[in-house]
K.L.:
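The structure that follows is given in the form of C-alpha cells.
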Amino acid sequence: MSDLFNTSEHDIIDVILEDHKRLKEYAEALKNLETALPERQKVFRHFAPLLLAHTRPEELTWYAEIEKYGDQKIEGIEGEVEHALAEQLVAEIRKTNDMNVWSAKVKVLAELVEHHIHEEEDEHLPEFKKNSKKDRRLELGEKYLRLKEDFHQQDSADQDESPEHPSAAHF
C-alpha cells in the first residue's frame, strides 16, 4: 500500500469529489468530436480505468452507507444502475473496432458520467454530509481508497490478459 493511507485523513466526500474532478475533465475531452480520434482514444485509456476503479468502491462504501437510510436508498440504487450502464459501455467500447460506433459510444458514456456526477455533487453528497458524522466519513474514505487501488489493479490485470485492445487501435 502507498503512503497515501498513512499521511492524512480522507473524508469519503473529498475523495469522491477528487475522482469526479478528473472524470469530468476526461468526459469533456471525450465528447469533443473535433479532437482527433487518436487523442480521444488516449484520453479513454486513462478515463476507463479511473471510472471502473471509482464505481465499485463507491458502491461498496458510500452507496452501502446511504442505502441504510430509507430516504436515500433510492439514490444509492439509482447510482448502482448508472454505474452498471457505464461499466457495460466501457466493455463495449473496448471491443469496438468501428471508429464511428466507438465515437458514438464514448460520447454517450461521457454524457452519462457527467449527468451522474452532477446529481451526486448537487444533491446526494450534500445531503449525505448533512446527515453523517465526520468520523464515519473518514472510515468510509479509507475503505474507499483501499478498494479503489484493488479495483484499479484488477482492471489493469484484466486488460493485460486480453489479446487485443481495440480502443487503443488507430483506425
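The basis for the numbers below is simple: all heavy atoms, side chains too, and nothing from hydrogens, waters or symmetry mates.
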K.L.:
Measuring from E34:CD to E39:CD, what's the distance to the nearest 0.5 Å?
P.N.:
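Rounded to the nearest 0.5 Å, the CD-CD separation comes out at 14.0 Å.
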K.L.:
Quick check: closest heavy atoms across R94 and A48, and the distance to 0.1 Å?
P.N.:
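Heavy atoms of R94 and A48 come nearest at NH2-CB, 3.6 Å.
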K.L.:
Identify the heavy atoms of A27 and A110 that sit nearest to each other, and give their distance.
P.N.:
O-CB, 3.5 Å
K.L.:
Working to the nearest 0.5 angstrom, can you tell me the gap between L17 CG and K24 NZ?
P.N.:
7.5 Å
K.L.:
May I ask whether Y26 and L37 are part of the same hydrophobic cluster, defined by side-chain heavy atoms of I, L, V, M, F, W, Y residues being less than 4.5 angstrom apart, directly or through others?
P.N.:
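Yes, same cluster.
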K.L.:
If you round to the nearest 0.5 Å, how far is CG of D11 from CZ of R136?
P.N.:
12.0 Å
K.L.:
Could you verify whether a donor N or O on one side chain and an acceptor N or O on the other, from N32 and T35, lie under 3.5 Å apart?
P.N.:
yes
K.L.:
In chain order, what residues pass the side-chain contact (heavy atoms from CB on, under 4.5 Å) check against A29, with sequence neighbours excluded?
P.N.:
V43
K.L.:
Can E75 and E127 be said to form a side-chain contact (heavy atoms from CB on, under 4.5 Å), step by step?
P.N.:
CA-CA 11 Å; E75 286 87 358; E127 184 71 18; over 6 Å; no
K.L.:
Could you measure the distance from the CG atom of L109 to the CD1 atom of I93? Nearest 0.5 Å is fine.
P.N.:
4.5 Å
K.L.:
Which atom names give the shortest non-hydrogen contact between L51 and V90, and what distance separates them?
P.N.:
CD2-CG2, 4.0 Å
K.L.:
Could you please spell out the steps behind the side-chain contact (heavy atoms from CB on, under 4.5 Å) verdict for R146 and E149?
P.N.:
CA-CA 5 Å; R146 286 190 300 276; E149 187 171 304; over 6 Å; no
K.L.:
Is there a path from L33 to V113 through hydrophobic residues (I, L, V, M, F, W, Y) whose side chains come within less than 4.5 Å of each other?
P.N.:
no
K.L.:
Indicate whether any N or O donor in one side chain lies under 3.5 Å from an N or O acceptor in the other, for H54 and H83.
P.N.:
no
K.L.:
Are F128 and I77 joined in one hydrophobic group, where the rule is that I, L, V, M, F, W and Y side chains link up if heavy atoms are under 4.5 Å apart?
P.N.:
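No; tracing contacts between hydrophobic side chains, which count when under 4.5 Å, never links both residues.
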K.L.:
Enumerate the salt bridge (charged side-chain N to carboxylate O under 4.0 Å, His left out) contacts for residues 103-112, please, sequence neighbours excluded, ordered by first and then second residue.
P.N.:
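Non-adjacent pairs meeting salt bridge (charged side-chain N to carboxylate O under 4.0 Å, His left out): E92-K105.
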K.L.:
Just do the side-chain contact (heavy atoms from CB on, under 4.5 Å) check on E82 and H115 with the steps written out, would you?
P.N.:
CA-CA 10 Å; E82 290 173 343; H115 167 79; 3.6 Å; yes
K.L.:
Is it true that E25 and R22 make a salt bridge, defined as a side-chain N closer than 4.0 Å to a carboxylate O?
P.N.:
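No, E25 and R22 are not salt-bridged.
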K.L.:
If I take atom CD1 from residue I117 and atom CG from residue D122, how far apart are they, to the nearest 0.5 angstrom?
P.N.:
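Separation between the atoms: 11.0 Å.
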K.L.:
Check whether any side-chain N or O of R137 sits under 3.5 Å from a backbone N or O of S132 as a donor-acceptor pair, and report yes or no.
P.N.:
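Side chain of R137 to backbone of S132: a pair is present.
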K.L.:
Rounded to the nearest 0.5 Å, what separates atom CD in E65 from atom CD in E59?
P.N.:
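E65 atom CD to E59 atom CD measures 15.0 Å (nearest 0.5 Å).
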K.L.:
Between E28 and K31, is the closest basic N to carboxylate O distance under 4.0 Å?
P.N.:
yes
K.L.:
Quick check on the hydrophobic clustering: are L138 and L147 connected, directly or via other members, by side-chain heavy-atom contacts under 4.5 Å?
P.N.:
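In one cluster with L138: L147, no.
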K.L.:
For the pair W102 and F44, name the ring-plane relationship: parallel under 30°, tilted 30 to 60°, perpendicular over 60°.
P.N.:
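Because their plane-to-plane angle is over 60°, the rings of W102 and F44 count as perpendicular.
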K.L.:
Mind running side-chain contact (heavy atoms from CB on, under 4.5 Å) on F151 and L52 for me, showing each step along the way?
P.N.:
CA-CA 7 Å; F151 280 102; L52 296 176; over 6 Å; no
K.L.:
So which atom in L112 and which in L85 form the shortest heavy-atom distance, rounded to 0.1 Å?
P.N.:
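Looking at all heavy atoms of both residues, the closest pair is CD2-CB, 4.0 Å.
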K.L.:
Just checking, any donor-acceptor pair under 3.5 angstrom between side chains of E114 and H118?
P.N.:
no
K.L.:
Is a donor from one side chain sitting under 3.5 angstrom from an acceptor on the other, for Y63 and E58?
P.N.:
yes
K.L.:
Over all heavy atoms of both residues, which pair between A64 and K68 is shortest? Give the atoms and the distance, please.
P.N.:
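A64 and K68 have their closest heavy atoms at O-CG, 3.5 Å.
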K.L.:
Are any of the side-chain nitrogens in D19 or K148 under 4.0 Å away from the carboxylate oxygens of its partner?
P.N.:
yes
